[in-house]
Amino acid sequence: MLVNMIDLLNEAKVKKDAILQLNINNLEWTKYILETCNELNYPIILGVSESTVKYMGGYNTVVNVVVGLMIDLKIKIPVVLHLDHGSSYESCKDAIDAGFTSVMIDGSRLSLDENISVTSKVVEYAQKYKVSVEGEVGAILNNETKPTYASVDDCLIFSTSTGIDALAPAVGSVHGLYKNKPNLNYDIIKEISEKTGLPLVLHGGTGIPDEDIKHAVECGITKININTLLQVEWSKGVREYINSNPEVYDPRKIISSGKDKMTKKIKEIISIYNKNR
Ligand code: 13P
């Protein structure tokens, strides 16, 4: 069943728990993630970046791939199809019109007023279709840059002015592999959680030690986004396979040779998060 993320987030928040967003990169990844989470009866948020939307063919293709796989694989768990880091009102609208059940509008590089304005516009459109909206405050950048930290006051103004369902504040994480040790600010997480009352999202989940994740969840993180970790695991499997089978050219064999390492890692992460319950 395709759902928005409101109930999943609220349930996790009450349990002081977090749910996972795993990003998809192609059809095969979508299949592996759906099969694995279904086997574990673990509801999942499928994150799709704009570059993946483009890579896969467009919003309608992504929706049809996900819906088709859910029917053919008899997926029973709740699944959220979520646009990750939507860069404009138009891209969020395109995702919603195609059938995404959740969108993130990332206006964090704009001024606070501009961020509020574009996010509110997305919320107004999304609510008509019961689509959930995640907003961002205090840009969470990639591993080439220093981690940033959101202003608690800005988060409060942003959340009350926009009506978002989840907030991704910059709390010290970065996207991609960490060059330095992750330095999450738990005081900020706690304060933003208490003041806004919103489910909080931790971007850049790859490379954050389990204990840090656990602590962040205790302080108010309700959703954790992971992409790079699965890319690393999948590509390890593919590299090993190609190196030991240089004569193989069937793309189905090559692509699926990353499956075992990737699904093993998904099971491992889910078991860590289940232990938090
Ligand atoms: P990583 O690629 O660092 O795991 O981050 C994923 C993410 O935050 C997607 O929004």
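Each ligand, and each atom within it, is numbered from 1 in the order the structure gives.
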*Worked check of salt bridge (charged side-chain N to carboxylate O under 4.0 Å, His left out) between Glu268 and Lys265*: CA-CA 5 Å; Glu268 206 178 293; Lys265 190 50 81 178; 3.0 Å; yes
Measure the distance from [atom] to every protein heavy atom, then report the residue, atom name and distance (to 0.1 Å) of the closest one.
atom	result
atom 2 (O) of ligand 1	Thr228 OG1, 2.5 Å
atom 4 (O) of ligand 1	Thr206 OG1, 2.5 Å
atom 10 (O) of ligand 1	Asp84 OD2, 2.7 Å
atom 8 (O) of ligand 1	Gly204 N, 2.7 Å

*Show your working on side-chain contact (heavy atoms from CB on, under 4.5 Å) between His82 and Lys223 and close with a plain yes or no.*
CA-CA 12 Å; His82 177 78; Lys223 170 174 174 266; 3.8 Å; yes
[X] neighbourhood, listing ligand 1 atoms whose heavy-atom distance to it stays under 4.0 Å:
X	answer
Ile226	4 (O)
His203	8 (O), 10 (O)
Asn227	1 (P), 2 (O), 4 (O), 6 (C)
Gly176	1 (P), 2 (O), 3 (O)

*asked:* Between Glu233 and Lys259, does the salt bridge (charged side-chain N to carboxylate O under 4.0 Å, His left out) criterion hold? Intermediate values first, please.
replied: CA-CA 9 Å; Glu233 291 303 311; Lys259 179 181 176 183; over 6 Å; no
*Of all residues at least two apart in sequence or in a different chain, which pass the salt bridge (charged side-chain N to carboxylate O under 4.0 Å, His left out) check with Lys179?*
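Residues passing salt bridge (charged side-chain N to carboxylate O under 4.0 Å, His left out) with Lys179: Glu144.
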*With heavy atoms only and a cut-off of under 4.0 Å, state how His85 meets ligand 1: side chain, backbone, both or neither.*
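The side chain, only.
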*asked:* Regarding Gln231 and Thr228, do their side chains bring together a donor and an acceptor under 3.5 Å, going by distance alone?
replied: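 Per modelled atom types, Gln231 and Thr228 side chains form no pair under 3.5 Å.
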*Check ion pair Glu240-Lys236 (N to O, under 4.0 angstrom)*: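 Here Glu240 does not pair with Lys236 in a salt bridge, since their nearest N and O are not under 4.0 Å apart.
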*Ion pair present between Lys264 and Asp260, side-chain N to carboxylate O less than 4.0 angstrom?*
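No salt bridge links Lys264 with Asp260.
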